[in-house]
**Student:** 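Dumping the structure here so I can ask a few things about it.
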Amino acid sequence: MTENIVETKNLLSGYGKLKVLFDVNFKARKNDITVVVGPNGAGKTTLLNSIIGLATIHDGSVIFDGQDVTKVPPHKKAKLGIAYLMQMGNVASTLTVEENLRVAGYLMPRSEVNDRIQEILEMFPRLKEFVHRKAGTLSGGERRMLAIGMAMMRKPKVLMLDEMSTDLAPKIVKQVMNKIVELRDQYDLSVILVEQNAKKALEIGDYAYLLVSGTVRYEGNPQELLTHPKFAKLYLGISE
Amino acid sequence: MIEIFTRAIAYSGGIALAAAGITLIYMATGTFNFAHASKVAWGFYIVYAMMSLLGGSPYYYVIPAALFSAFLGFVTYFFVNRYLLKRKADMVTLMMSTLGVDLIFFAFLNVFADYLTEVYKLSARYFVMELKDPIIMRMGATEIRAVPVVSFISVILVTIGIYLFMTRTNFGIAMRTTIENPELAQVLGINPEKIYLAAWLLGGGMAGLSGAFLSLTISGYPSVGMTILVTLFAGSIVGGLDSIIASILGGFLIGMVEQLGTYSLSVALGGWICAYRPIIPMVAMVITLLFFPRGLATIDWKKVLGKLGVKI
């Protein structure tokens, strides 16, 4: 058994011929919330896309739970226990809430899906009111809740979240962050949280990475990064 | 007039099924499938060859026709479309590749027609099977054959089947998710290749079914698929390229307009107009798109009926 649930070694990746990440060594420990912050275009989303298999990996490797999964396609990584909430399009807007949850349980035995949907609805009681509504008609916050619920359907080992706070009111951001901590504590989840809203994310993180122009500029304690004399102001817009 | 109307229903049913197949493949893979022409034509030939060689009702061979065209769908996907999708080929490349595949299927169909002609002495280069279709009713001098009824019922069953498949089965919901957002589908554990393959199989099957019913309505010859391809695409586009059910409706409407329009114009202007028959579905398509640019699927019926003074 390895302590790291996800690891990248000397990762060189991007999209097609375009290279975005350069020699990135990243580790997410089991049951930790690992936060990845950085300015726009730093390669945060590309890191998650590389882990799940949606980006082109030119060199280096991706390790999941001790197994080299560099060439494993995304749908098989989902089966291994990686859940990924993309920044955009993380729910199917033409499907109802129930259909979204059902499709999220696509890999599960049929007999378990209905019970699991009920569990998820208990976990996110607000979704119960909209179960037959199209996901496209939900508010931003409700969509995020549905997306997290979909990710939790399969009881994943790792939950990767990309910019969950975008376009959300501060109150809702706080609720979402609290929910992430609650899920980690309750279900022994490992979380990789990519955020532009660095302050909120670093507050709940156990370990942090700062990505700048496709390279790791800092890794370590999130609190230290929050108060770092140079990085906090320069790259994260945190002035105090 | 009744005979014209029943023929129009039989023809439109066939067009509707094929149009639905075109839309399904387009929605799932972004491929405008020209090879549908040959798959429909193969449907004609499977029914014709099997009935000529084995005897019995043409309806015995409807399912084999659908299965064979589904197999052609599999071949198209597995050997061509799959590789292009992996390389993220653009829409034009995907479309043109199916034109190449269509010509290959068409060549094999010609070989098959020649084989039937040479070996079994069948008139496989041009055949009419309408008279093989059983008469189910007589109204005075007018004979009503089975195909309008069977074709119409099949369209209704296929529509209901597609609706239930897409909304009640996990695979159908997975297909809708993949159609809307392939990346989301993948991270949820859905293998998009399975979905694309299913779309090609179903789409091919519908083309074969269409060919089987059309073979009892219009004459058969190797290029028959190419002759009606314009009508098939018109049906698919009029219905709207983002709804399979609407494409069935679009195909049916275009088929009816073509049949009844040609008849009406030939009565009014003379038989010479029949040579310009393919123009009719195109005109109907253009007029529909002028009013509803994204097809019938996007019409807000409440608004339309409201304008007409009908309250729902």
Side-chain angles (χ1 to χ4, degrees), chain A residues 15-16 45 48-49 51-56 72-96 98-114 132 134-136 146-147 150-154 156 158-162, chain B residues 23-24 26-30 82-90 93 162-199 239-247 294-295 297-298 300 302:
Chain A
Y15 303 97
T45 299
L48 297 189
N49 283 344
I51 293 169
I52 196 74
L54 292 173
T56 313
V72 175
H75 67 274
K76 286 190 178 162
K77 281 183 183 146
K79 210 171 185 174
L80 290 173
I82 304 178
Y84 178 27
L85 270 73
M86 297 180 288
Q87 184 185 359
M88 305 291 285
N90 46 32
V91 300
S93 53
T94 56
L95 268 59
T96 64
E98 192 194 350
E99 285 173 333
N100 268 288
L101 292 172
R102 196 165 289 285
V103 78
Y106 180 73
L107 295 172
M108 294 167 63
R110 268 172 160 252
S111 54
E112 290 175 23
V113 173
N114 285 340
H132 298 300
K134 291 259 166 78
L146 173 59
M150 287 166 70
M152 293 303 294
M153 271 296 287
R154 285 174 282 118
V158 176
L159 182 59
M160 302 198 302
L161 304 129
D162 190 9
Chain B
T23 302
L24 174 62
Y26 175 75
M27 283 172 70
T29 68
R82 189 165 68 111
Y83 294 102
L84 294 174
L85 289 176
K86 267 185 190 168
R87 288 174 193 175
K88 300 193 188 308
D90 61 29
T93 308
I162 287 174
Y163 176 76
L164 293 177
F165 170 69
M166 289 293 201
T167 56
R168 300 282 193 274
T169 68
N170 282 350
F171 195 79
I173 297 172
M175 186 177 256
R176 282 163 61 205
T177 308
T178 310
I179 287 168
E180 183 185 326
N181 187 342
E183 288 190 346
L184 172 66
Q186 287 183 73
V187 301
L188 293 175
I190 298 162
N191 182 354
E193 289 200 17
K194 274 190 190 169
I195 302 292
Y196 301 150
L197 175 61
L241 287 168
D242 43 18
S243 167
I244 301 162
I245 305 287
S247 68
R294 293 187 58 211
T298 53
D300 184 347
K302 268 188 186 173

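The basis for the numbers below is simple: all heavy atoms, side chains too, and nothing from hydrogens, waters or symmetry mates.
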**Student:** How many angstroms lie between atom NZ of B:Lys194 and atom CE of B:Met175, to the nearest 0.5 angstrom?
**Tutor:**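 Result: 12.5 Å between the selected atoms.
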**Student:** Between B:Thr93 (side chain) and B:Ala89 (backbone), is there a donor-acceptor pair under 3.5 Å?
**Tutor:**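 Judged by distance alone, no pair lies under 3.5 Å.
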**Student:** If you measure from CD on A:Glu98 to CG on A:Asn114, what distance do you get to the nearest 0.5 Å?
**Tutor:**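 Here the rounded value is 7.5 Å.
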**Student:** What part of A:Tyr84 gets closer than 4.5 Å to chain B, counting heavy atoms only: side chain, backbone, both or neither?
**Tutor:**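 For A:Tyr84, the contact with chain B is made by backbone and side chain together.
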**Student:** Going by residue number, which parts of residues 179-188 of chain B are within reach of chain A, meaning a heavy-atom gap below 4.5 Å?
**Tutor:**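 Residues B:Glu180, B:Asn181, B:Glu183, B:Leu184, B:Gln186, B:Val187, B:Leu188 are the ones that qualify, each having a heavy atom under 4.5 Å from chain A.
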**Student:** Sort out for me which of A:Thr94, A:Leu85, A:Ile52 touches chain B most, counting heavy-atom pairs under 4.5 Å.
**Tutor:**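 Of the candidates given, the most pairs with chain B belong to A:Thr94.
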**Student:** Going by an N to O cut-off under 4.0 Å, is there a salt bridge joining B:Lys86 and B:Glu193?
**Tutor:**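 The answer is yes: the pair qualifies as a salt bridge.
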**Student:** Which distance, rounded to the nearest 0.5 Å, do you find between the OG1 of B:Thr169 and the CZ of A:Arg110?
**Tutor:**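 Answer for the OG1-CZ pair, B:Thr169 versus A:Arg110, is 7.5 Å.
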**Student:** Given heavy-atom pairs under 4.5 angstrom as the criterion, report whether the side chain, backbone, both or neither of A:Leu95 touches chain B.
**Tutor:**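 Its backbone and side chain both get close to chain B.
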**Student:** Between B:Arg176 (side chain only) and B:Met166 (backbone N and O only), is there a donor and an acceptor less than 3.5 Å apart?
**Tutor:**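 Answer holds: yes.
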**Student:** Highest number of heavy-atom pairs under 4.5 Å with chain B: which of A:Pro73, A:Gly105, A:Pro74?
**Tutor:**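 Option with the greatest count: A:Pro74.
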**Student:** Using 0.5 Å steps for rounding, measure from the CG atom of B:Asn191 to the NZ atom of A:Lys79.
**Tutor:**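 Result: 9.5 Å between the selected atoms.
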**Student:** Starting at CG of A:Asn90, measure out to CG of A:Leu146 and round the result to the nearest 0.5 Å.
**Tutor:**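 Between atom CG of A:Asn90 and atom CG of A:Leu146 there are 8.5 Å.
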**Student:** Find the one option among A:Val113, A:Val91, A:Thr96 whose heavy-atom pairs under 4.5 Å with chain B are most numerous.
**Tutor:**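 Of A:Val113, A:Val91, A:Thr96, A:Val91 has the most heavy-atom pairs under 4.5 Å with chain B.
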**Student:** Report, as yes or no, whether the 6.0 Å neighbourhood of atom CZ on B:Phe171 holds more than 12 heavy atoms from other residues, nucleotides or ligands.
**Tutor:**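 Counting other residues, nucleotides and ligands, CZ of B:Phe171 exceeds 12 neighbours.
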**Student:** For chain B, find which of A:Ala83, A:Gly16, A:Pro156, A:Ala78 contributes the most heavy-atom pairs closer than 4.5 angstrom.
**Tutor:**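 Heavy-atom pairs under 4.5 Å are most numerous for A:Ala78.
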